[in-house]
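Okay, structure first, notes after.
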Amino acid sequence: FRVFMDGFERQKNRILELLGQGGKTIDELVSISPFYNNRFMDKIIQNVFEENMSLKNLEILMEEKRVYEMNGRYIPS
């Protein structure tokens, strides 16, 4: 179970790392493909998955006060 939970922490940390100091928009994160590394043949499906995964992780990071949103950019606190 711990290994399973560690996966969620790795995902949050990956998103946090990609935001950098200036932050990123959701479109910028999706184009980086942090979860699927551009492995899908169908980029439309990949982008939907990337967006959903990124937004969920950003939501959690905002609840934890590690990220805030300003003018469509997600910025580390």
Side-chain angles (χ1 to χ4, degrees):
F1 181 74
R2 185 75 241 159
V3 173
F4 177 74
M5 295 306 291
D6 287 346
F8 289 111
E9 203 56 39
R10 278 192 304 277
Q11 289 177 351
K12 288 191 305 186
N13 288 334
R14 174 77 173 134
I15 291 294
L16 197 55
E17 173 188 314
L18 289 173
L19 292 178
Q21 288 195 326
K24 299 249 184 309
T25 65
I26 191 63
D27 290 337
E28 289 170 328
L29 283 173
V30 168
S31 71
I32 294 169
S33 189
F35 298 100
Y36 300 103
N37 299 310
N38 290 311
R39 290 181 294 198
F40 279 37
M41 292 181 72
D42 187 329
K43 295 302 176 198
I44 293 171
I45 292 173
Q46 175 182 296
N47 289 347
V48 169
F49 286 173
E50 291 285 2
E51 183 174 348
N52 286 330
M53 291 290 291
S54 295
L55 285 170
K56 187 60 181 171
N57 278 278
L58 288 165
E59 178 184 312
I60 293 167
L61 287 164
M62 286 189 293
E63 287 173 5
E64 295 175 350
K65 308 285 189 227
R66 295 170 68 189
V67 169
Y68 66 95
E69 186 269 332
M70 185 169 64
N71 298 324
R73 295 190 78 73
Y74 295 91
I75 303 165
S77 299

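Remember, predicted model here, so these are calculated numbers, not experimental data.
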Group every Ile, Leu, Val, Met, Phe, Trp and Tyr by side-chain heavy-atom contacts under 4.5 Å, then state whether Met53 and Met62 land in the same group.
yes
Take Ile15 and Gln11 through the test side chain to side chain contact (heavy atoms under 4.5 Å, CB included) and record every step on the way to the result.
CA-CA 6 Å; Ile15 291 294; Gln11 289 177 351; 5.8 Å; no
Pair Leu29, Phe35 - check side chain to side chain contact (heavy atoms under 4.5 Å, CB included), show working.
CA-CA 10 Å; Leu29 283 173; Phe35 298 100; over 6 Å; no
Non-hydrogen side-chain atoms of Leu18 and Arg14 separated by less than 4.5 Å
yes
Distance, nearest 0.5 Å, that separates CG of Leu58 from CG of Leu16
9.5 Å
For Phe8 and Asn57, the nearest pair of non-hydrogen atoms, with its separation, is O-OD1, 4.2 Å
For Asp42, does the CG atom sit with more than 12 other heavy atoms under 6.0 Å from it, leaving out its own atoms?
yes
With hydrophobic residues grouped by side-chain heavy-atom distances under 4.5 Å, do Ile75 and Leu61 end up in a single group?
no
Stepwise, does the side chain to side chain contact (heavy atoms under 4.5 Å, CB included) test hold for Arg2 with Asp6?
CA-CA 6 Å; Arg2 185 75 241 159; Asp6 287 346; 3.0 Å; yes
SB check Glu9 Arg66 (cutoff 4.0 Å)
yes
For the pair Lys65 (side chain) and Ser77 (backbone), establish whether a donor and an acceptor sit closer than 3.5 Å, ignoring hydrogens and angles.
no
Taking it one step at a time, do Lys24 and Ile32 satisfy side chain to side chain contact (heavy atoms under 4.5 Å, CB included)?
CA-CA 10 Å; Lys24 299 249 184 309; Ile32 294 169; 3.7 Å; yes
For residues Glu50 and Ser33, report the shortest heavy-atom separation together with the two atoms involved.
OE2-OG, 2.6 Å
I'd like to know if the side chain of Ser54 reaches the main chain of Glu51, judged simply by a donor and an acceptor atom lying under 3.5 Å from each other, with no hydrogens or angles considered.
no
Counting heavy atoms not belonging to Lys43, are there more than 12 under 6.0 Å from its NZ?
yes
Look at the rings of Tyr36 and Phe49 and say which category their plane angle falls in: under 30° parallel, 30 to 60° tilted, over 60° perpendicular.
tilted
For the student: nearest non-hydrogen atoms of Gln46 and Arg39, plus distance:
OE1-N, 3.4 Å
Spatial distance of atom CD1 (Ile60) from atom NZ (Lys56) [nearest 0.5 Å]:
5.5 Å
